[in-house]
Amino acid sequence: MTALARLATGWYARHARDLPWRTPDVSAWAVLVSEVMLQQTPVTRVVPVWREWMARWPTPGGLSAEPAAEAIRAWGRLGYPRRALRLHECAGTLMAAHGGRVPRSLPQLLALPGVGDYTARAVAAFAYRQRHPVVDTNVRRLVARCVAGRADAGPATTAADLAATAALLPASGPAAARASAAFMELGAVVCTARAPRCEACPLATRCAWRASGRSLPALPSRRPQRYEGTDRHVRGVLLAVFRQASGPVTRAALARAWASEAQRERALASLVADGLVHAVGDDTYALPTGPTLHAI
DNA sequence: TACTCGTGGTC
DNA sequence: TGACCAAGAGT
């Protein structure tokens, strides 16, 4: 085992947050749902929604048997609601092609809706204890600092990221999975983007970035981050109307939620294009009702 | 590759 | 106060 993995794993055993999807007996389905919910969404907001989903849909069969609208409603305000739709599709794929179980191989996981490179590796490692590098934004930053001595990682995940992380992992699957969880946790709570807590870091004595004097991170790109008034905002406002309605929603109801007609129509069209909303009449729309597997 | 896609907390 | 950003995926 590499020294970094040993130090990180030891720290993790003492300081890891007590997150419900880390309980030893959680199913691969529960891990998969947690990973999708955690995509670009903070842990504190995911926890209560994940608990609700697991209580309601402990297996993919339960979710796939319900209309997609229920997944969208139960998604609440986690953001990026296409993830709820993909998770519902994913449950259907698991039932249709995998016997209701989450597959174990990376290629099969990658083929699932809503599962990309990160999530496939996270499920293989955390649910099945396989030895795959799990590279998220936290790990990339940790490795960039500790190993490469840079203030932050480059713009995109590359084969180099995977190779650099794989080189840190212990030989056995379970130990590698623990090390990956430890690296992610360190990046999330200690080696943070803005205010790293090097005094609390178990890797500090071996960190190239710290040894070289902690050069400042590059200035953030100047892409506008404004949310108020964007099309994304309008989509959120309109979809909230659909979530709260028990049935179909009229154009008039949407007009009450957002005044600008051009922007409202543009947002509605994009929701329809994404499959989050369907037209059910001339001036009426609703969350998607299908497909359900069967009507018992 | 670069862009789109929500939401709410933080400093 | 408002810019930044938090376990990415899909196109």
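On a predicted model such as this, the values are computed, not experimentally measured, just so you know. Lettering follows sequence order; numbering is per chain, from 1.
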What is the distance, to the nearest angstrom, from the [atom1] atom on [X] to the [atom2] atom on [N]?
X	N	atom1	atom2	value
D231(A)	dT7(B)	CG	C1'	16 Å
L142(A)	dA6(C)	CG	C1'	17 Å
L85(A)	dC5(B)	CG	C1'	13 Å
R73(A)	dG6(B)	CZ	C1'	19 Å
R226(A)	dG2(C)	CZ	P	13 Å
L271(A)	dT4(B)	CG	C1'	13 Å
W50(A)	dA7(C)	CH2	P	19 Å
L78(A)	dG9(B)	CG	C1'	14 Å

Tell me which nucleotide among [options] gets nearest to the side chain of [X].
X	options	answer
Y80(A)	dA6(C), dA7(C), dG6(B)	dG6(B)
L38(A)	dA9(C), dA7(C), dC5(B)	dA7(C)
R83(A)	dC5(B), dA6(C), dG6(B)	dG6(B)
D136(A)	dA7(C), dG6(B), dG8(B)	dA7(C)
T137(A)	dA6(C), dA7(C), dC5(B)	dA7(C)

Side-chain donor/acceptor of T165(A) to backbone N/O of L162(A), under 3.5 Å: no
Can a donor-acceptor pair be found, under 3.5 Å and without considering hydrogens, that links the side chain of W29(A) to the backbone of R101(A)? no
If you measure from the P atom in dA7(C) to the same atom in dT10(B), how many Å do you get, rounded?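 Each nucleotide's P atom is 14 Å from the other's.
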Taking the P atom in each of dA9(C) and dG8(B), what is the distance between them to the nearest angstrom?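 One P to the other, the span is 23 Å.
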Identify, between R22(A) and R194(A), the residue whose nearest nucleotide on DNA chain C lies closer to the 5' end.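 Per heavy-atom nearest nucleotide, the more 5' residue is R194(A).
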Select base, sugar-phosphate, or nothing to describe what [X] touches, counting heavy atoms under 4.0 Å on all strands.
X	value
A188(A)	sugar-phosphate
W75(A)	nothing
R77(A)	sugar-phosphate

What are the residues of residues 105-130 of chain A, sorted by number, that bring a heavy atom to within less than 4.0 Å of DNA chain B?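 Contacts with DNA chain B under 4.0 Å: none.
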Hey, does W57(A) have a side-chain heavy atom less than 4.5 Å from the side chain of S64(A)? no
Quick check: do H88(A) and E70(A) have side-chain heavy atoms less than 4.5 Å from each other?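 Contact flag for H88(A)/E70(A) side chains = no.
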When you match T44(A) and D274(A) each to their closest nucleotide on DNA chain B, which lands nearer the 5' end?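 Taking each residue's closest nucleotide, the earlier one in sequence belongs to D274(A).
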Which one of R51(A), Q39(A), E35(A), M37(A) satisfies the side chain to side chain contact (heavy atoms under 4.5 Å, CB included) criterion with V46(A)? M37(A)
Quick one: does R232(A) reach the base of dT7(B) with a side-chain donor-acceptor pair under 3.5 Å? no
Counting just side-chain N and O atoms, does Q40(A) come under 4.0 Å of either OP1 or OP2 of dG8(C)?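 It does, given that an N or O in the side chain of Q40(A) lies less than 4.0 Å from OP1 or OP2 of dG8(C).
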Any side-chain N or O of Y227(A) below 4.0 angstrom from OP1/OP2 of dT7(B)? yes
If the threshold is 4.0 Å, N to carboxylate O, is there a salt bridge linking [X] and [Y]?
X	Y	result
R140(A)	D152(A)	no
E89(A)	R86(A)	no
R121(A)	D117(A)	yes

